Every structure is written in C-alpha cells, then in structure tokens.
Asks: 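Take a look at the following structure, please.
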There are 2 protein chains.
Amino acid sequence: MKYQKIPEATIRRLSRYSRCLEEMEKGGEEVISSAQLANRCMVNAAQVRKDLAYFGEFGIRGVGYYVKDLLNDIKKILGSNKEWRMVVIGIGNLGSALLSYKDFLKQNYKIVAAFDIDPPQVIGRVSEKLGKPVEVLHINRLKEVAKERRIEIGLITTPPSEAQAVADLLVEAEVRGILNFAPTQIVVPEGFVAKDVFFTTILDNLAYLLSNN
Amino acid sequence: MKYQKIPEATIRRLSRYSRCLEEMEKGGEEVISSAQLANRCMVNAAQVRKDLAYFGEFGIRGVGYYVKDLLNDIKKILGSNKEWRMVVIGIGNLGSALLSYKDFLKQNYKIVAAFDIDPPQVIGRVSEKLGKPVEVLHINRLKEVAKERRIEIGLITTPPSEAQAVADLLVEAEVRGILNFAPTQIVVPEGFVAKDVFFTTILDNLAYLLSNN
DNA sequence: TCAATTTTGTGACTCCTTTCACAAAATATG
DNA sequence: CATATTTTGTGAAAGGAGTCACAAAATTGA
C-alpha cells in the first residue's frame, strides 16, 4: 500500500461499496463484477476499479471480485475492520439519540462513555435499550475516563457555545478523532482530525437544489 | 443570474460563508474583505471571489463586501431566505431529536408535522420544549397533511427497512426534497431531490483518516 | 490446444475545480 | 489633482478527478 494522496471522494465511495457488499454478502452473492457493484452504488464501473487501484489489485480478470474478500479488503483500507471506541459529550436530544442509534451496534463503532455538565438529572442516568448500558458522567471526568476506556473518537452534541471547549478537552485527553454536531466550526491541532456535521448546511444544499430545478 | 452549472462544492461553501457572515454580523462587523472571510472559513480568498462570481458582483473594489448585504445575497442564492416547511417521519430517538433541534428554530427550517406508524404510545404525543408543539400523527395521514401544511421537505428517520417506502409516500405527496437518515440508499424519480446522511459513512471517513495519519 | 469470451487494471484523455496573478475600480493621502 | 494603496473580478495556468478504451489475464468450450 504505497503512499499516494487519496481523494476524499474515493474514501466516501469505498464506504458506499462496503455497505453494498455487505448487502450482497447477506444476499448470498459470492462473486461480482465491477459493473455490478458500480450499478448498485450508482457510479461508473471504471470508477470502482480506479478507486480500488489506489490500494492494490483485488479482482481476477475475466471473473470479478469475491464479495467476501473484497469486503474484508475494503474494511481493512478504511480502518473499519477494527472496533472504534467512542464517547458522546452533551446528552441532550441528539446525544441521547446517538447513544441509542442502532446502526452503530451493527457496525464497528461503539459508544463506551457519555458526558454532560451541570444538569444533575442527566448525570448518572443510563442509556438503556441497547447493548451495554452507558452511564452519563460529569464532564470533569472526561480525561481520566477517556484514557481508562481507550477512547479514540469523540462525538460533540453540546450547544455550539461549548463545542470548541469540549473539543479542547478531547484534544487534551488525546482523543484523536472528533465528530462535531454542534453548528459551529471547531479547530483542532495538527495530528487530530475533526469533522463537522452541519444539518443546516445539508438543508441549505437541498434548498438550493429545490429552488433551482 | 444566467444559467451555468454550479459545482456542489461551491454551494456547500456558500452555506459556510453564510454561517460565518451571520457570526460577523452579530459581532458588529459591517465590511469584510474576501481575505477575511476566506480566513474565517478556512478557504482560499480567490475561491471566495470565484464562488460569488458564479452569481454576480457583490463587492466593491478597494473596499470589500458589506456583511449584511452579502449575507442577504447568499441567502437568496441558496434559497435559504424563505421559510422551508418540513416533516419528520419515524419518531424514534433521532426523529425526536430533530423535532427539538434548536438550530432549526434559529434558521429558516421549520418542522411543522411528524408521523409514525403503529406504536400507539407515539401517535398523538406532542413535542414540547420549543416553538409550536408538533403532534405526532399516523403515517396514513401523510399525504393529506403534507398538502394541507404545504410541506416541501421530508426527513426520514425510520428504520432502514421502511425508508424507501416512506420516500415513495413522500413522492406521492409531492414533497420534493428528502433528507434520509436511515442507513440505506433511497431512490426518487426525476424532479425530486434526495440526500442520504449516513453517520457510519462519516465515521468510516474519520476512521480512515485516523488509521492513515 | 486454440479461439472466443469475460472482466480486470491502467494509460491517455477530458472535464472540472482551485489557485495564481494582474488589470480595473474604488478609496485615501498629500 | 495626481499618486499610492487596497481589494475586487476574472482570464490563464495548474492541479485533480472521472471516463474511455484497450491490452493483459483468466476462463470456457470445442
């Protein structure tokens, strides 16, 4: 896997291929061609092959790809073959929703801790419903618990005013990956990765398309 | 505003500029240069100017842009100057979270209806907390109510198995914009716009970056 | 064994996006 | 009023990403 700059779009598509391959595997398909996969994912077949070519050769000419093997290879590429341990910070509506988001369970992303400040009725509350219950702890224990539970990804679901401060705490706790759902851009130092998920940006996109088509 | 194909990336950035300009406006700034705005949004200054150039001339040479005017112009471009009326379908954890998502209130996106099937304890329940309360109705009233309340955007937060069926209902009800949070790709006919928001895709991205840096 | 068929992997091409660099326009200064 | 300064808008260049088209590899069938 020699180094080369991989387009972010390629990574997003790999994730999509991964999802489709999982469905195909469940459907009992054993071998597929790039054309079939492309069709399923609504992309160009050459695109599929190019995307894979960044990372090696995975198919057999004249045959196609073994679904199971390709799925494994893609997961290895994405780093989604390992279990990622996550923390949610800010247990409001969205935070609670993520705590019991079923799709995470089926995947390799596990929420293993939850934090909030102040509201005493939240602290100590436990997310039931699914998997292991997670107790909500006070934010001042973040650093300690993050280390203890080997947490690698933080999900920020606080109000926007607190998001950067929380990000700073995560950085301090050496949680290297951050997904920020608060509607404000956050900044992290070199070596850390932060992604913002802005619902209103997505809606603005939709609004533009609806207004202009 | 002559026609030309606008890159989706440009639209996404406009949304970002919009957010920054709002903050600047609150901060009392009246005039900014493309360099300042670019800096704030972490993009190139020429990029800002190019993005705007798709839609006209908004600045004054030697001066910059009037924050207030530019913000208005961008909102007009995005179609985010009008109020968009939305419906949420599937009142589980995520659906409930969106119902009380505070950022929508500050913006021009309003949830004006909510639907679910079966669970009798959900139907009729009312989302309190913010803005006008929204009563959860049975899905079989979707078409009727969507017309009545002039709904233009549907948010799908059902389990993945139901997502496509719900999308079909929305299409039937002539709700032209769909945001799908269920982890399965949905398809809509020409003339409709559907966007998928896959949390695990975003996490796969993060996982890739964490694994390879 | 050899030709026909299938499907990958990839170089070349095209198209799209971003960045650069500078003329044009506005303002400020002496 | 002329000159210096600032900052836009944009043509041209550079850089990326996506598509095409075909040789290479594998398989099938006679």
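From a predicted model like this one, the values you see are computed outputs, not experimental measurements. Proteins come first, then strands; the chains are lettered A, B, ... in the order of their sequence lines, and each starts at number 1.
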Asks: Output the rounded distance in Å from CG (D51(B)) to P (dC16(C)).
Replies: 17 Å
Asks: Write down the distance between CZ (F58(B)) and C1' (dG9(D)), rounded to a whole number of angstrom.
Replies: 12 Å
Asks: Would you mind telling me which of dG9(C), dG18(D), dG9(D) lies closest to the side-chain atoms of R49(A)?
Replies: dG9(C)
Asks: Could you check how far NZ of K50(B) sits from C1' of dA21(C), rounded to whole Å?
Replies: 11 Å
Asks: Does T10(A) reach a base, just sugar-phosphate, or nothing at all? Heavy atoms under 4.0 Å.
Replies: nothing
Asks: Measure from CG on L70(B) to P on dT7(D) and round the result to the nearest Å.
Replies: 16 Å
Asks: Show your reasoning for whether salt bridge (charged side-chain N to carboxylate O under 4.0 Å, His left out) applies to E83(B) and R85(B).
Replies: CA-CA 6 Å; E83(B) 181 177 295; R85(B) 301 166 66 77; 3.8 Å; yes
Asks: Taking the side chain from Q164(B) and the backbone from V187(B), do they hold a donor-acceptor pair closer than 3.5 Å?
Replies: yes
Asks: Would you say the side-chain atoms of T201(B) and R19(A) include a donor-acceptor pair closer than 3.5 Å?
Replies: yes
Asks: Are S34(B) and dT8(D) close enough that a side-chain N or O sits under 4.0 Å from OP1 or OP2?
Replies: yes
Asks: State which of dT19(C), dG9(C), dA26(D) makes the closest approach to the side chain of Q47(B).
Replies: dT19(C)
Asks: Closest approach to the side chain of V63(A), judged atom by atom: which nucleotide of dA26(D), dT10(D), dT19(D) is it?
Replies: dA26(D)
Asks: Can you tell me how far P of dT8(D) sits from CG of D69(B), to the nearest Å?
Replies: 15 Å
Asks: Find which nucleotide of DNA chain D each of R61(A) and I60(B) is nearest to by heavy atoms, and output the residue with the more 5' nucleotide.
Replies: I60(B)
Asks: Working to the nearest 0.5 Å, report the span between CH2 of W84(B) and CG of L203(A).
Replies: 10.0 Å
Asks: Between S100(A) (side chain only) and S96(A) (backbone N and O only), is there a donor and an acceptor less than 3.5 Å apart?
Replies: yes
Asks: Would you mind telling me which of dT19(D), dT8(D), dT10(D) lies closest to the side-chain atoms of A53(B)?
Replies: dT10(D)
Asks: Nearest of dC20(C), dT27(D), dA21(D) to any side-chain atom of A46(B)?
Replies: dC20(C)
Asks: For E57(A) and for R13(B), find the nucleotide of DNA chain C with the closest heavy atom, then tell me which residue's nucleotide is more 5'.
Replies: E57(A)
